Amino acid sequence: MHALPRLLDRLLAGALVVSRWAVYAGGGAILISAFLISFDILSRRFFGLSTWGADELSYYALAVSTSWACAYTLLIKAHIRIDLVTNRVPDLGKVVLHIIALLGLGYMAFATTQAMFHVFQRSWNRGSTSITTLETPMWIPQGLFVAGLVFFTLVTALILLRVLAAVLIERDYAVVNRITGTVSVLDETEQAIAEAEALQKRNG
Amino acid sequence: MLLTAIFVLLGLLALTIPVAAALFILAMVLEWEFAAAPLSRALGHQIWDTSTNFILVSIPLFILIGELLLRSGIATKVYDALDSWLSWMPGGLMHANIGTATMFSATSGSSVATAATVGTIALPQAPRFGYDERFFAGSIAAGGTLGILLPPSINLIVYGFLAQASIPQLFMAGIIPGLVLSGLFMLAILVMCLIKPEWGGERRKSTMAQRFAKLVHLVPVLVLFGFIMGAIYTGWATPTEAAAIGTVVALIMAFMAGTLSWKMVGEALEGTMRTTCMIMLIMIAANFLNFILASIGLTDSLLSTIATLDLSPMQTLFLLIGFYIILGFFIETLSLMIITIPLVAPLITSLGFDPVWFGILLIVLIEMALITPPVGLNLFVVQGVRKRGNLNEVIVGSIPFVLLMFVMVLLLIAFPGLALFLPNLATGG
């Protein structure tokens with residue numbers, strides 16, 4: 001009976017690992033972009049070279065790293081929700097709100113994935129390239145972007161399934177709050193504080 | 001149409017649907033209900049255009065600069081240096097609180113991070129030197145809000161993008177009001193500690209030699225800030241390009257401070273992506289909503305509705321200010337900005353106000369929201385770092401600063417030049 005929740009837990013744990021690596025990779029791409037743009041502007045200003053497309057690579061990095069970070073942001077509950085009522089309703093109400101919130105986010109994830117897939121598909125069929133010096137085949141950045149959105153949609157669905165399993169099979173509302181729910185303002189500030197204090201210690 | 005939109009949005013937010021999804025669903029509902037031709041075909045291109053906007057690349061870069069600097073340990077040295085320069089005045093270390101917050105906000109895009117950093121350094125000093133803890137905590141909470149007014153500011157980038165106002169001009173426009181507000185804070189501390197000397201705590205004097213020796217600690221932040229703003233001001237680089245070079249410089253500074261490590265960079269990148277994704281997802285939805293609102297004519301309908309109210313532009317402006325102050329009590333500040341800008345920005349322009357000037361005014365109102373209960377993030381941060389007394393003390397200590405922010409709003413209305421002088425100078429207008 002509890003095999004399904006355990007399986008979903010394992011999948012979620014796996015998704016967290018994958019999404020964390022995606023975040024490091026995306027952050028790394030942003031950091032590399034910083035170097036490329038710096039190099040580009042310095043070579044332009046001081047050596048009169050023309051731009052070769054660092055800006056273009058950097059905005060692909062922004063798009064792809066964003067779409068791949070969405071799942072992580074969801075897993076650590078960092079997507080902003082206006083949370084004026086959840087603390088004032090009974091547990092069952094909270095669970096219902098969490099499910100509605102997940103459905104809402106899931107709808108956005110699915111609709112954006114679908115819309116972007118059409119854009120990607122058209123670029124692929126037509127062999128579109130960017131109208132820049134790089135002539136980037138558009139399906140490459142768009143494909144990576146869509147893949148991140150697909151991952152986001154799958155993770156949203158996975159969390160939703162896990163919540164439903166908790167409600168219908170385990171009948172345990174506490175699990176729901178652990179998996180989804182809002183990060184209360186207190187959690188959020190606690191994290192900022194813990195980080196600041198750890199730094200104070202480390203840097204003396 | 002307008003009422004439908006407002007009710008749907010409030011309903012979605014009340015169901016605690018994430019802000020990005022709420023804006024997105026609202027756009028879809030409006031399109032389905034009111035659009036003559038299906039607009040959602042444009043969705044894919046809208047998403048891609050927002051996601052690959054070069055100006056928005058500056059968001060992760062500025063966040064990364066802030067993350068790197070906060071983790072580099074430079075803040076402690078800045079506080080120490082400002083302490084030696086400012087603590088002789090009545091109010092002592094509280095001036096260093098404001099000063100450090102001012103310097104850090106100039107490089108970090110986040111108010112919460114600024115308040116947490118200054119708080120961890122400064123708060124242990126309050127009981128040691130006998131300060132009034134309420135006022136001391138208030139000075140940190142308020143000082144931390146300067147982060148979003150002084151450039152580079154993520155909130156200004158978000159505003160500029162959604163209101164189609166020039167981000168370099170917004171950055172220029174934030175400087176004088178940011179410094180004036182910071183000066184007002186210090187003046188208030190000075191005056192209040194002259195009236196009530198027991199609030200002030202023990203003053204310490206440093207010799208000029210000590211002061212100059214510590215001046216060197218201010219150099220990194222000033223250089224970084226001066227470089228970023230100078231490059232943007234002279235048109236040498238766009239905000240994104242300046243942010244890119246700033247990121248490289250921040251890495252070098254962390255290296256020279258001996259605090260650069262893989263772990264530190266990893267943490268900084270994780271924090272950067274978390275915030276970036278949260279903002280970008282809302283931006284993608286907000287920009288799509290912007291497009292739908294304009295396409296179905298809701299923006300025009302709002303403008304004509306306001307016109308029938310027969311209010312003068314000034315009355316409308318004060319109505320808006322009241323509206324932001326009330327919403328600011330309850331709604332998380334970045335969401336508040338993004339939700340309202342698509343409707344408010346066209347209104348402001350149609351009333352004949354300068355969108356750059358209004359951006360600065362809006363940011364001061366948002367700063368106020370950060371230190372007003374029940375949802376005032378900086379209050380929670382400061383109380384959390386303090387670990388003694390209760391939140392009410394921080395709230396009480398912040399009241400003088402909230403009032404000063406309101407004074408700043410009035411000053412901006414009376415003297416728009418405070419915001420517009422520098423941008424006009426730069427464009428020669």
Side-chain angles (χ1 to χ4, degrees), chain A residues 20 23-24 26-28 30-31 33-35 37-38 41 45 55 58-63 65-67 69-70 72-73 76 78-86 97 100-101 104-105 107-108 111-112 115-116 118-119 141-142 145 182 185-186 189-190 192-193 195-197 199-200 202-204, chain B residues 12-22 24-25 28 43-45 47-48 51-54 56-57 60-61 64 70-71 73 76 112-113 116-117 119-121 237 240-241 244-245 247-248 259 266 269-270 272-274 276-278 280-282 285 330-332 335 375 377 380-381 384-385:
Chain A
R20 184 169 285 135
V23 160
Y24 287 133
I30 296 288
L31 189 60
S33 299
F35 280 95
I37 297 170
S38 303
I41 185 168
R45 292 287 171 177
D55 53 349
S58 76
Y59 56 69
Y60 295 150
L62 173 69
S65 65
T66 299
S67 83
C70 282
Y72 180 72
T73 312
I76 63 165
H79 287 298
I80 306 177
R81 290 164 69 182
I82 308 294
D83 189 10
L84 289 173
V85 286
T86 26
L97 286 176
I100 293 173
L105 199 63
Y107 169 68
M108 179 181 182
T112 49
M116 267 317 294
H118 287 305
V119 176
Q142 287 172 349
F145 184 72
T182 50
V185 173
L186 285 178
T189 51
E190 264 167 26
I193 293 156
E195 280 176 12
E197 279 171 352
L199 283 169
Q200 270 304 106
R202 200 192 308 162
N203 299 335
Chain B
L12 291 168
L13 292 176
L15 288 170
T16 73
I17 291 178
V19 173
F24 182 79
I25 294 169
M28 289 307 228
L43 175 60
H45 288 285
I47 298 169
W48 186 244
S51 307
T52 56
N53 191 301
F54 187 57
L56 296 184
V57 176
L61 294 177
L64 185 55
L70 286 180
R71 287 163 206 282
T76 318
V112 176
T117 308
T120 354
I121 301 166
T240 308
E241 290 168 341
I245 301 180
T247 308
V248 176
T259 45
L269 290 179
E270 193 265 346
T272 303
M273 284 320 297
R274 187 199 328 156
T276 304
C277 172
M278 180 201 88
M280 282 301 293
L281 201 62
I282 301 179
F330 303 105
I331 299 186
E332 191 277 331
S335 317
V375 183
L377 217 48
F380 298 121
V381 173
V385 177

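Side chains are part of it too, since the values below use all heavy atoms of this structure and drop only hydrogens, waters and symmetry mates. Chain identifiers are assigned alphabetically (A, B, ...) following the order of the sequence lines, protein sequences preceding nucleic acid strands; residue numbering begins at 1 within each chain. Everything numeric here is computed off the predicted structure, so don't read it as measured data.
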J.: Under a 4.5 Å heavy-atom cut-off, does chain A meet the side chain of B/Leu56, its backbone, both or neither?
T.: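 For B/Leu56, heavy atoms of backbone and side chain both lie under 4.5 Å from chain A.
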J.: I need the minimum non-hydrogen distance between A/Met116 and B/Gly44, along with the two atoms involved.
T.: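 That closest heavy-atom pairing would be SD-O, 3.3 Å.
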J.: Check each atom of A/Phe35 against the heavy atoms of chain B and say whether the ones under 4.5 Å are side chain, backbone, both or neither.
T.: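 Backbone plus side chain of A/Phe35, per the 4.5 Å heavy-atom cut-off to chain B.
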J.: Check whether any side-chain heavy atom of A/Val119 lies under 4.5 Å from a side-chain heavy atom of B/His45, and answer yes or no.
T.: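 A/Val119 vs B/His45: side chains touch.
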J.: Quick one: pull up OG1 in A/Thr112 and CG in B/Leu43 and give me the separation to the nearest 0.5 Å.
T.: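 Going from the OG1 atom of A/Thr112 to the CG atom of B/Leu43 covers 7.0 Å.
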J.: Does the pair B/Ile17 and A/Ile100 meet the rule for a side chain to side chain contact (heavy atoms under 4.5 Å, CB included), with working shown?
T.: CA-CA 7 Å; B/Ile17 291 178; A/Ile100 293 173; 4.0 Å; yes
J.: Measure across A/Met108 and B/Ala285 and return the closest heavy-atom pair with its distance rounded to 0.1 Å.
T.: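 Taking every non-hydrogen atom into account, CE-CB, 3.9 Å.
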J.: Using 30° and 60° as the class limits, which term best fits the ring planes of A/Tyr107 and B/Phe24: parallel, tilted or perpendicular?
T.: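 It falls in the tilted class, 30° to 60°.
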J.: Between B/Val57 and A/Asp55, is any pair of side-chain heavy atoms under 4.5 Å apart?
T.: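 Side chain of B/Val57 against side chain of A/Asp55, heavy atoms only: no contact under 4.5 Å found.
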J.: Using a 4.5 angstrom heavy-atom cutoff, name the option from B/Val248, B/Leu12, B/Thr276, B/Ile282 with the most pairs to chain A.
T.: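 Highest number of pairs under 4.5 Å: B/Val248.
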J.: Side chain from CB out, backbone as N, CA, C, O: work out which of these in A/Ile41 comes under 4.5 Å of a heavy atom of chain B, or both, or neither.
T.: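 Side chain only.
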J.: Grab the two heavy atoms, one from A/Tyr24 and one from B/Gly266, that are nearest each other, plus how far apart they are.
T.: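 Heavy-atom minimum between the residues: CE2-O, 3.4 Å.
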J.: Hey, what do you get for OH (A/Tyr60) to OG1 (B/Thr52), rounding to the nearest 0.5 Å?
T.: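 Reported value, rounded in 0.5 Å steps: 7.5 Å.
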J.: So which atom in A/Leu62 and which in B/Pro60 form the shortest heavy-atom distance, rounded to 0.1 Å?
T.: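 Where A/Leu62 meets B/Pro60 most closely, the heavy atoms are CD1-CG, 3.7 Å.
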J.: Under 4.5 Å, counting heavy-atom pairs only, tell me which of A/Gly26, A/Gly104, A/Ser38, A/Ala111 racks up the most with chain B.
T.: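 The answer is A/Ser38.
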J.: By side chain to side chain contact (heavy atoms under 4.5 Å, CB included), which residues pair with B/Cys277, not counting sequence neighbours?
T.: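 Checked B/Cys277 against side chain to side chain contact (heavy atoms under 4.5 Å, CB included); matches are A/Ala69, A/Cys70, A/Thr73, A/His79.
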J.: Apply side chain to side chain contact (heavy atoms under 4.5 Å, CB included) to B/Ile47 and A/Phe145, showing your working.
T.: CA-CA 11 Å; B/Ile47 298 169; A/Phe145 184 72; 3.8 Å; yes
J.: Tell me every residue that passes side chain to side chain contact (heavy atoms under 4.5 Å, CB included) with B/Thr247, counting only those two or more places apart in sequence or in another chain.
T.: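 Once residues adjacent in sequence are excluded, the partners of B/Thr247 under the side chain to side chain contact (heavy atoms under 4.5 Å, CB included) criterion are A/Leu31, A/Ala34, B/Leu61, B/Leu64, B/Ile65, B/Leu68.
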